[in-house]
Amino acid sequence: MLKFDDLDFIETVSAARKVTFPYIPGLLSFREAPACIAAAGKLTKQPDVFIIDGQGIAHPRRLGLAAHLGLFFNKPAIGCAKSRLTGKFEEPPLEKGGHTPLTDTNTAKRNPGLETIGAVVRTRTNVKPLFVSVGHKCTLADAVKITLACATKYRLPEPTRLAHHAVSKLRLHI
DNA sequence: GCGACAG
DNA sequence: ATCTTGTCGC
């Protein structure tokens, strides 16, 4: 967990769980959520917003890992995925901060038609964009702003980058 | 039936 | 995700 304004380190928590479900596109929550929930339960302070390595509502059924966890925690959550699961988009400008909408066809009888489900965001100039989407309790505009605010020198936002780093170190002890 | 497919 | 060497660009 990091402090939002200056990205100062606050704490790192982790949890190890045996995999009980395979990776199936669209069903990532069933594989990842248990460990995520266990780890979050160890936090000594509650975060204001979760940045999740996966999709929010940019999901075939609008319920990606970030949406799932946000609902479970009843906290704001942002889906920050490294690649696309569903939806169409135009390549965003190559400069950091450039972004285009991620759209998908909604087949629900309520509001059929094209729907914006996320944003394709360039978090670093000339580098592959990230797929940002609302997870829970936030707007897409804020999700993009927060993602960019956390992406300083690298492609991935700092919280995600530090988490990957922490996991790599933990795996050495196994 | 044929592609697409978060991590 | 993981395997895996050299290489391209700022």
Side-chain angles (χ1 to χ4, degrees), chain A residues 12-40 49-73 76-107 114-136 138 140 143-144 146-147 150-174:
Chain A
T12 294
V13 292
S14 63
R17 289 291 181 278
K18 289 190 175 180
V19 176
T20 60
F21 200 88
Y23 167 67
I24 298 174
L27 303 182
L28 183 65
S29 291
F30 293 92
R31 174 189 172 92
E32 311 282 339
C36 292
I37 291 171
V49 55
F50 286 91
I51 291 184
I52 305 299
D53 189 354
Q55 312 290 351
I57 62 172
H59 176 280
R61 290 185 288 281
R62 310 293 181 258
L63 192 61
L65 180 62
H68 227 128
L69 293 175
L71 282 163
F72 189 86
F73 298 138
I78 296 171
C80 237
K82 300 182 292 298
S83 59
R84 185 197 76 96
L85 171 60
T86 192
K88 296 175 62 178
F89 66 96
E90 297 285 290
E91 194 67 19
L94 298 175
E95 299 70 39
K96 175 178 181 177
H99 54 87
T100 53
L102 176 65
T103 62
D104 196 19
T105 303
N106 189 331
T107 56
L114 209 55
E115 171 184 34
T116 293
I117 59 174
V120 185
V121 184
R122 197 78 67 181
T123 51
R124 181 178 173 179
T125 298
N126 289 329
V127 167
K128 189 181 175 196
L130 251 40
F131 293 75
V132 178
S133 60
V134 168
H136 193 51
C138 75
L140 177 58
V144 171
I146 291 173
T147 294
C150 291
T152 56
K153 192 177 179 182
Y154 305 91
R155 176 187 180 227
L156 298 180
E158 286 304 294
T160 305
R161 225 171 61 74
L162 294 190
H164 283 338
H165 213 169
V167 171
S168 297
K169 283 187 286 187
L170 286 171
R171 292 189 62 170
L172 292 177
H173 299 307
I174 299 177

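If you're wondering where the values come from, they're calculated on a predicted model, not measured in any experiment. Residue numbering restarts at 1 for every chain, and letters A, B, ... go by the order of the sequence lines.
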- Message: Between P on C:dG9 and CZ on A:Arg124, what's the gap in Å once rounded to a whole number?
- Response: 14 Å

- Message: What is the separation between atom CZ on A:Arg61 and atom C1' on B:dA4, rounded to the nearest whole Å?
- Response: 15 Å

- Note on the structure: Closest non-hydrogen atoms of A:Val132 and A:Val144, given as atom of the first, atom of the second and distance, are CG1-N, 4.1 Å

- On the 0 to 90° scale, with breaks at 30° and 60°, tag the A:Phe50-A:Phe73 ring pair as parallel, tilted or perpendicular. parallel

- Atom pair distance, as rounded to whole Å: CZ in A:Arg84 and C1' in B:dG7: 15 Å

- Query: Phosphate oxygens OP1/OP2 of B:dC5: is one of them under 4.0 Å from a side-chain N or O of A:Thr86?
  - Reply: no

- Message: Regarding A:Glu32, tell me which of base, sugar-phosphate or nothing describes its non-hydrogen contacts under 4.0 Å with the strands shown.
- Response: nothing

- Should we count NE2 of A:His136 as having more than 12 external heavy atoms under 6.0 Å? yes

- When you look at NE2 of A:His164, are more than 12 heavy atoms from neighbouring residues, nucleotides or ligands closer to it than 6.0 Å? yes

- Task: Supply the atom-to-atom distance A:Gln55 CD to A:Arg62 CZ, rounded to the nearest 0.5 angstrom.
- Result: 11.0 Å

- Query: Roughly, in whole Å, what's the span from NZ in A:Lys88 to P in B:dC5?
  - Reply: 13 Å

- Spacing of CD1 belonging to A:Ile78 relative to SG belonging to A:Cys150, to within rounding of 0.5 Å: 7.5 Å

- Task: Taking all heavy atoms of A:Thr12 and all of A:Ala166, pick out the closest pair and write down the distance.
- Result: CG2-CB, 4.0 Å

- Tell me: NE2 of A:His68 to C1' of B:dA6, nearest whole Å? 14 Å

- If you write DNA chain C from 5' to 3' in dot-bracket form, with Watson-Crick or G-U pairs under 3.5 Å, [ ] for crossing pairs and | for pairs with another strand, what do you get? ..........

- In this structure, CZ of A:Arg155 is separated from OG1 of A:Thr160 (nearest 0.5 Å) by 10.5 Å

Nucleotide N/O of nucleotides 1-4 of chain C paired with protein N/O under 3.5 Å:
{"from": "C:dA1", "atom 1": "OP2", "to": "A:Lys82", "atom 2": "NZ", "distance (Å)": "3.1"}
{"from": "C:dT2", "atom 1": "OP1", "to": "A:Arg171", "atom 2": "NH1", "distance (Å)": "2.0"}

- Task: Measure the distance from CG on A:Asp104 to C1' on B:dC5 and round it to the nearest whole Å.
- Result: 13 Å

- Message: Using whole Å, what does the distance between atom C1' of nucleotide B:dA4 and atom NE2 of A:His59 come to?
- Response: 14 Å

